[in-house]
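One structure below.
Naming: A, B, ... by sequence-line order, numbering from 1 per chain. Source: prediction; values computed, not measured.
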Number of protein chains: 2
Amino acid sequence: MEFKLSFKVNDHIYLRDPESSELGMLMVKNAIELIHNIGFEQFTFKKLALEMNTTEATIYRYFENKHRMLLYILNWYWSYMEYLVIYRIQNLKDSKSKLKTIIEILTNDLPESNGKLEYNRAYLTQIVIAESSKVYLVKDIKEINKEEVFKPYKDLCAKIASIIKEYNPKYKYGHSLSTTIIEASHQQQYFAKHLPRLTDIKNKNEREYTALFLEELLFKVLS
Amino acid sequence: MEFKLSFKVNDHIYLRDPESSELGMLMVKNAIELIHNIGFEQFTFKKLALEMNTTEATIYRYFENKHRMLLYILNWYWSYMEYLVIYRIQNLKDSKSKLKTIIEILTNDLPESNGKLEYNRAYLTQIVIAESSKVYLVKDIKEINKEEVFKPYKDLCAKIASIIKEYNPKYKYGHSLSTTIIEASHQQQYFAKHLPRLTDIKNKNEREYTALFLEELLFKVLS
DNA sequence: TATTAATAATAGTAATACTATTATTATTTT
DNA sequence: AAAATAATAATAGTATTACTATTATTAATA
């Protein structure tokens with residue numbers, strides 16, 4: 001039996017499911033590369049269309065705008081993250097090693113998946129680090145949130161919070177601690193690379209550094 | 001003697017110092033209101049010009065683009081924050097109450113200043129919460145950072161790190177903990193307000209909630 | 001008083017973020 | 001196999017954004 005890694009993303013996010021066609025899948029794959037290369041602000045549907053030899057209008061039939069496309073990509077990422085957490089934790093007995101595994105997952109590239117969608121995992125990770133906050137730091141967050149499009153993030157947060165509770169049932173801020181860990185894992189990697197004086201990094205790589213910082217923080221907070 | 005609250009912002013940020021004229025000051029004041037009202041993405045120099053009965057071209061003689069304007073506003077904020085930390089801490093003896101004061105400063109509106117610049121402090125706080133990460137999460141961070149335009153943030157971070165060191169000389173991640181606290185203070189307030197399921201907020205207000213979460217976190221990490 | 005500097009008014013451009021229309025091709029239904 | 005439906009490509013067009021340039025007018029300074 002082959003396991004198919006395919007996450008159903010809330011269909012409010014797209015106009016037409018990009019997984020429903022070759023073109024749609026190619027679109028997301030190319031978008032990840034292009035956003036990684038030029039950044040979300042410079043990214044346009046026109047440039048994406050040019051890159052993949054199609055037209056702007058065609059892309060607009062899949063996604064309402066580029067914000068929705070980024071949201072789609074992040075939903076995929078968050079869903080995958082939650083799956084990874086569940087999968088890699090299932091055989092672990094003590095909650096301490098579960099939490100360690102979570103930190104590890106949060107500070108490494110996505111592992112190879114065997115589903116049909118083969119995105120560039122290193123690029124995807126970079127996009128999450130540099131662009132993810134832009135999907136919720138928007139003026140119309142209220143209306144967007146009504147469509148349940150942040151459910152995968154909330155689910156991931158709840159999952160991590162449940163393991164935090166398992167480790168220390170008395171701790172009252174499991175969800176906030178989860179989001180703080182998640183966001184800090186991106187931030188610290190970004191700062192370590194681009195604004196190192198906002199961190200204490202010496203010569204290690206950003207991931208290893210971030211993992212050490214977060215692990216110590218997490219266990220001290222929960223002690 | 002009257003104390004004048006005026007922070008010299010790195011002059012790479014502007015083309016012409018907005019503090020050097022009435023119009024310049026009005027520009028920043030109006031920008032803060034407009035960014036607060038419509039969000040940074042929707043904010044344009046055209047709209048700002050319309051708002052204050054001047055022209056786009058005039059604003060462009062002060063700032064290269066809207067990103068620089070936001071950077072200017074945040075530099076002002078970070079400098080003010082550092083000043084506030086130093087000022088409110090000077091008479092405190094033990095480093096524990098110093099850290100508590102820092103959390104308090106980070107989770108409250110800016111206090112009334114007696115300088116000539118009277119920005120809307122509540123709006124400014126909201127801008128920092130919702131828009132600040134957009135100044136460094138940009139593709140050209142490398143070149144921008146060369147101009148030293150993030151110095152006030154780094155200084156604030158270093159200042160807080162020094163007090164962390166004072167409290168616990170053995171702790172190795174003072175700078176990362178500072179930025180984590182600063183960024184989390186914005187994030188958690190934002191989440192508590194707009195995406196509450198990413199937090200554990202019940203019925204308190206977002207600030208009080210965030211302060212409690214951060215204070216507990218900080219002292220546990222440093223114990 | 002002359003010079004310089006700042007602003008207002010106006011115009012213009014390339015790029016962005018879309019929408020609309022039609023022809024062509026592929027897929028599905030009858 | 002023909003007819004109907006759906007997806008795409010090609011093309012065109014619009015309002016807005018993010019600027020730059022020019023000139024006339026007003027204010028400040030030498």
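Salt bridge present: A:Glu33 and A:Lys29 bring a charged side-chain N and a carboxylate O closer than 4.0 Å. Using a cutoff of 4.0 Å between basic side-chain nitrogens and carboxylate oxygens, A:Glu148 and A:Lys151 are not scored as salt-bridged. Of the charged side-chain nitrogens involved, none lies within less than 4.0 Å of a carboxylate oxygen, so that B:Glu41 and A:Lys134 do not count as a salt-bridged pair.
Contact of the B:Leu195 side chain with the A:Thr179 side chain is not registered, since no non-hydrogen atoms from C-beta on lie closer than 4.5 Å. With a 4.5 Å cut-off on side-chain heavy atoms, B:Leu218 and B:Ile102 do not count as touching.
A heavy atom closer than 4.0 Å to some atom of DNA chain D occurs in B:Glu56, B:Ala57, B:Tyr60, these being the qualifying members of residues 51-61 of chain B.
For the pair A:Lys66 and C:dA17, the criterion of a side-chain N or O lying under 4.0 Å from OP1 or OP2 is met. When the side-chain nitrogen and oxygen atoms of A:Lys47 are compared with OP1 and OP2 of C:dT16, one or more of them lie within a distance under 4.0 Å.
Within a 6.0 Å radius of CZ in A:Arg88, more than 12 heavy atoms belonging to other residues, nucleotides or ligands are found.
Counting to the nearest Å, the C1' atom of C:dT16 and the CG atom of A:Leu34 are 14 Å from each other. Atom CD1 of A:Ile38 is separated from atom C1' of C:dA15 by 13 Å (rounded to the nearest Å).
Nearest-nucleotide mapping onto DNA chain C: of A:Lys46 and B:Tyr62, the residue sitting toward the 5' end is B:Tyr62.
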